[in-house]
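Structure first, commentary second.
All residue numbers in this chain count up from 1 along the given sequence.
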Amino acid sequence: MHKNMISQLAAAAKNKRCWLTFCATFAIALCCIIVILRHCEVNASPALSFSSLESIENEIYDEEFSEPDNDFIAAEFASEEEAEKPEPMEENRENTLSVKSGDTLLNILTDLGLEYKIANEIFMATKKVYDPRNLKAGQKLQINMTWNLPEDKLIAVNSISTQIRSGESIVIERNEAGEYVAEVQKENLIEEIESANGTINGSLAAAMGKQNVPARIVANFINIFSYSVDFRRDIKKGDQFEIIYQNYITADGEVVKNGNILFASLTLGKNKIDLYRFKDKSGNVDYYDAKGYAMKKTLSRKPISYQNARISSPFGRRRHPIYKDYRVHWGVDYAAPRNTLIYAAGDGVVQIAKYNGGYGNYIRIRHNSEYATAYGHMQKFAKGIRPGVRVKQGQVIGYVGSTGRSTGPHLHYEVIKNGKRVNPLTIKAAASENLRGKNLVRFKHQVAQIKETHQKMLANAQSSADDNKLANARSGKDIRAN
């Protein structure tokens, strides 16, 4: 029997087709056994179906080939980078320091820890445009500095800035070459037009002060009219003034400086004088009436800043206060406080500027071929005043004093016409040149604009006054109702 089986198998093996079938069947069975052993639990007792095997293979595939979590990976890399990033070694700091009494720029910087050599470089750079000794107690310094953090040490000052006056600051910065450079920076100012008017019950200055007109504008207003108005004698109670002038303000509304007077008006009794500022093409500035006639006279009757000065001694025959005899006084004496400003009475050239016997410190100015003026008993001359120097009308030439034969501080003022001394209070000096031609056309156009501006200002002021009256009236009704 066994022999028959062996002989049959041998016969089958000799058959090539049967042999291939056997091998393929064996290989498939072997693969199935390997897959089952790899993916089945050791203690799994039930046999796995084909669908179970397919499910397991899908789960394995999804787990092995699913997309990575990008957020998780980025966070991991970021944490690694932060761990590797070194700690900063330097830091920029902004400090605001207040200057104390006795402080200097050098000691402020060295007290912060800056080396003296660098502090001195900053000092010298600043000195080119601004004297650091002018720093005042309470002044603020904005300083940008670089510090070494591990050592907590000041390495460098990058910039310093401070306001030196309204609208102006000084800035010191280190350039690319490491050198310190200082410059004065001016804030862009806004031009503002202001107006005021009022009635004079005492002095003009007091009346204008009540309307908040700046002192500098008041002084300029008086100077404009001083060529034909004696503010001590001509101003009476009930007279009126009007003015339009410029102010220059910062963006915050702070007045930095006063500008020019565009329109000035004085009503003296029944006489009203309106003057308009005009600058011609040559750059000359003067004040004219609405027709273009110049207000400024060739010579001023009272060429000092103290317009309320009294006449202590008139022109003519008098009893001399020192010699006690009668003799002619060839000028007018104006009693004024010592060091009161003395102006040139008109444009001209200085002929004499020296100590001249009884006149004391004495100046003589030639204005033209006809007129000259002289000034005596000065305390001192203004800087730069000497023979041959050309001066402008209203320019300061000296200061009131009591030099020479004098009993007290005053200005002795003389007017010389064709070589003869005449009364300064009665002489009729020729007017300045009136406008004509293209200058007159431009001037009249400018006058029209100023008049229009003036009318608008008056209308706005009246509207505000009416609103205030209405508000006060309503407030009064509410009080009575309560």
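Centroid-to-centroid, the aromatic rings of His412 and Tyr359 come within less than 6.0 Å. For Phe263 and Tyr276, the ring centers are positioned less than 6.0 Å apart.
Note that CG of Leu204 is 5.5 Å distant from CD1 of Ile235, once rounded to the nearest 0.5 Å. The distance from the CD atom of Glu121 to the CD1 atom of Ile172 is 13.5 Å, given to the nearest 0.5 Å. If you take CD on Glu91 and CD1 on Ile155, they are separated by 11.0 Å, rounding to the nearest 0.5 Å. Atom OH of Tyr413 sits about 7.5 Å away from atom OH of Tyr334, to the nearest 0.5 Å. We find the OH-CG distance between Tyr293 and Asn434 to be 6.5 Å, quoted to the nearest 0.5 Å. Rounding to the nearest 0.5 Å gives a distance of 4.5 Å between OG of Ser161 and CD of Gln142.
Ile363 and Ile397 make their closest contact through CD1-O, 3.6 Å (heavy atoms, listed as atom of the first residue, atom of the second, distance). Ile224 and Leu275 make their closest contact through CG2-CD1, 3.6 Å (heavy atoms, listed as atom of the first residue, atom of the second, distance). Annotation for Tyr343 and Asn223: closest pair CE1-OD1, 4.4 Å, computed over non-hydrogen atoms. Closest non-hydrogen pair, Thr403 versus Gly360, comes out as OG1-CA, 3.5 Å. When all heavy atoms of Leu411 and Tyr375 are compared, the pair lying nearest together is CD1-CB, 3.9 Å. A pairwise comparison of heavy atoms in Leu440 and Gly292 identifies CD1-CA, 4.1 Å as the closest pair.
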message: Please evaluate residues Gln139 and Thr162 with respect to the criterion side chain to side chain donor-acceptor pair (under 3.5 Å), reporting the C-alpha separation (whole Å), side-chain torsions for both, the decisive distance (0.1 Å), and the verdict.
response: CA-CA 8 Å; Gln139 192 169 339; Thr162 182; 3.1 Å; yes
- prompt: So Lys272 and Glu242, salt bridge (Lys or Arg N to Asp or Glu O under 4.0 Å) or not? Walk me through it.
  reply: CA-CA 11 Å; Lys272 186 178 182 182; Glu242 290 181 74; 3.4 Å; yes
- prompt: When you look at Tyr362 and Tyr355, which way does the ring-ring contact (aromatic ring centres under 6.0 Å, His included) test go after all the steps?
  reply: CA-CA 6 Å; Tyr362 173 86; Tyr355 192 92; over 10 Å; no
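Under a 3.5 Å cut-off, the side chain of His410 and the backbone N or O of Val400 do not form any donor-acceptor pair. Counting only distance, with no hydrogens or angles, the side chain of Arg216 and the backbone of Asn258 share a donor-acceptor pair below 3.5 Å. Although no hydrogens or angles enter the test, the distance criterion places a donor-acceptor pair under 3.5 Å between the side chain of Gln395 and the main chain of Lys392. When atom types are taken as modelled, the side chain of Lys380 and the backbone of Asn361 share no donor-acceptor pair closer than 3.5 angstrom. A distance-only check finds a donor-acceptor pair linking the side chain of Ser402 to the backbone of Gly408 [under 3.5 Å]. Under the 3.5 Å distance criterion, the side-chain polar atoms of Asn260 are left unmatched by any main-chain donor or acceptor of Leu262. At least one donor-acceptor pair under 3.5 Å links the side chain of Gln446 to the backbone N or O of Arg277.
Residues Asn134 and Ile164 have side chains not in contact (no heavy-atom distance under 4.5 Å, counting atoms from C-beta outward). Under the 4.5 Å side-chain criterion, counting only non-hydrogen atoms from C-beta, Ile273 is in contact with Phe225. Side chains of Tyr306 and Leu341 form no contact here, defined as non-hydrogen atoms less than 4.5 Å apart.
For Arg386, the CZ atom counts as loosely surrounded, since its 6.0 Å shell holds 12 or fewer non-hydrogen atoms of other residues, nucleotides or ligands. Annotation: Asn188, atom CG; neighbour count of heavy atoms from other residues, nucleotides and ligands within 6.0 Å does not exceed 12.
Under 3.5 Å, the side chains of Glu94 and Asn144 contain a donor-acceptor pair of N or O atoms. For Arg174 and Asn158, the side-chain atoms include at least one donor-acceptor pair closer than 3.5 Å. Using modelled atom types and a 3.5 Å distance limit, the side chains of Gln393 and His367 yield no donor-acceptor pair. Judged by distance alone, the side chains of Asp333 and Ser312 never bring a donor and an acceptor atom under 3.5 Å apart. With no hydrogens or angles considered, no side-chain donor-acceptor pair links Asn439 and Asp280 at under 3.5 Å. Defined by atom type and a distance below 3.5 Å, a donor-acceptor pair is missing between the side-chain atoms of Thr267 and Asp239. A donor-acceptor contact closer than 3.5 angstrom is absent between the side chains of Glu183 and Tyr130.
For the side-chain hydrogen bond (donor to acceptor under 3.5 Å, both in side chains) condition, the pairs that include at least one residue of residues 189-208, sequence neighbours left out, are Glu191-Gln246.
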Acceptor/donor pairs from residues 96-110 side chains to any protein atom, 3.5 angstrom cut, sequence neighbours excluded:
residue: Asp103; atom: OD1; partner: Asn107; partner atom: ND2; Å: 3.4
residue: Asp103; atom: OD2; partner: Lys100; partner atom: N; Å: 2.9
residue: Thr104; atom: OG1; partner: Asn107; partner atom: N; Å: 3.2
residue: Thr104; atom: OG1; partner: Asn107; partner atom: OD1; Å: 2.7
residue: Asn107; atom: OD1; partner: Thr104; partner atom: N; Å: 2.4
residue: Asn107; atom: ND2; partner: Asp111; partner atom: OD2; Å: 3.4
residue: Thr110; atom: OG1; partner: Leu106; partner atom: O; Å: 2.9
residue: Thr110; atom: OG1; partner: Asn107; partner atom: O; Å: 3.3

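Using a cut-off of 4.0 Å between Lys/Arg side-chain N and Asp/Glu carboxylate O, Lys291 and Asp289 are scored as not salt-bridged.
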